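As structure tokens, the structure follows; a few thoughts come after it.
Just so we're clear, the structure is a prediction, and the values are computed from it rather than from any experiment.
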Amino acid sequence: MEKVTKLASERPVVIFSKSSCCMCHTIKTLFHEFGANPTVHELDEMPRGRELEQALLRLGCSPSVPAVFIGGELVGGANEVMSLHLNRSLIPMLRRVGALWV
């Protein structure tokens with residue numbers, strides 16, 4: 001869990017993903033279209049990705065991916081991110097952590 005926390009706090013927006021996951025692709029695309037440049041960790045392409053996935057499950061991510069961290073804090077998965085977007089809360093949150101400039 002320490003490794004997840006460390007990776008999640010290194011950049012304003014961090015996404016834990018799997019390269020074969022369609023919802024992960026959707027969330028990554030959403031952030032890129034906003035102009036944010038998230039750090040993406042593809043768990044299925046990392047040597048210890050399975051351990052990180054287990055740590056995400058222990059943190060309460062279910063399913064484990066996509067897992068989005070903004071400002072080092074766990075926001076949640078696709079449902080939570082889309083809810084924030086529809087409530088017009090996501091962009092202000094991204095601005096607050098310096099992920100968007102305008």
Give the C-alpha distance, both sets of side-chain angles, the deciding distance and a yes or no for salt bridge (charged side-chain N to carboxylate O under 4.0 Å, His left out) between K28 and E42. CA-CA 11 Å; K28 290 182 286 190; E42 299 289 359; 2.6 Å; yes

Where is the tightest heavy-atom contact between [X] and [Y], given as atom of each residue plus distance?
{"X": "M23", "Y": "A78", "result": "CE-CB, 3.6 Å"}
{"X": "V13", "Y": "A99", "result": "CG2-CB, 3.6 Å"}
{"X": "S64", "Y": "L56", "result": "O-CD1, 3.7 Å"}
{"X": "V40", "Y": "S17", "result": "CG1-CB, 4.0 Å"}
{"X": "L100", "Y": "G35", "result": "CD2-C, 3.7 Å"}
{"X": "V97", "Y": "G71", "result": "CG1-CA, 3.6 Å"}

Just by distance, do the side chain of S9 and the backbone of K6 share a donor-acceptor pair under 3.5 Å? yes

Donor-acceptor check, side chain of S89 to backbone of H85, threshold 3.5 angstrom: yes or no? no

According to ring pair (Phe, Tyr, Trp, His ring centres under 6.0 Å), who are the partners of F69, at least two apart in sequence or on a separate chain? F16

Under the ring pair (Phe, Tyr, Trp, His ring centres under 6.0 Å) test, residues paired with H25 that sit two or more places apart: none

State, yes or no, whether a side-chain contact exists between [X] and [Y] at a heavy-atom distance under 4.5 Å.
{"X": "V14", "Y": "P38", "result": "no"}
{"X": "L90", "Y": "F31", "result": "yes"}
{"X": "M82", "Y": "L30", "result": "yes"}
{"X": "E10", "Y": "T39", "result": "no"}

Would you mind listing every salt bridge (Lys or Arg N to Asp or Glu O under 4.0 Å) that reaches into residues 50-67, with sequence neighbours excluded? K18-E53, R48-E51, R50-E53

Please step through side-chain contact (heavy atoms from CB on, under 4.5 Å) for the pair M93 and V75, ending with a clear verdict. CA-CA 10 Å; M93 188 181 288; V75 171; 4.2 Å; yes

Going by side-chain hydrogen bond (donor to acceptor under 3.5 Å, both in side chains), name the pairs with one or both residues in residues 69-82, residues two or more places apart or in two chains. none

Taking side chain to side chain contact (heavy atoms under 4.5 Å, CB included) as the definition, give me every residue that meets it alongside E2, ordered by chain and number, with sequence neighbours left out. none

Partners passing side-chain hydrogen bond (donor to acceptor under 3.5 Å, both in side chains) against D44 (at least two apart in sequence or in another chain): S19

Report the distance from atom [atom1] of [X] to atom [atom2] of [Y], rounding to the nearest 0.5 Å.
{"X": "S62", "Y": "L57", "atom1": "OG", "atom2": "CG", "value": "6.5 Å"}
{"X": "K3", "Y": "L52", "atom1": "NZ", "atom2": "CG", "value": "7.0 Å"}
{"X": "H32", "Y": "N37", "atom1": "NE2", "atom2": "CG", "value": "6.0 Å"}
{"X": "L74", "Y": "C61", "atom1": "CG", "atom2": "SG", "value": "4.5 Å"}

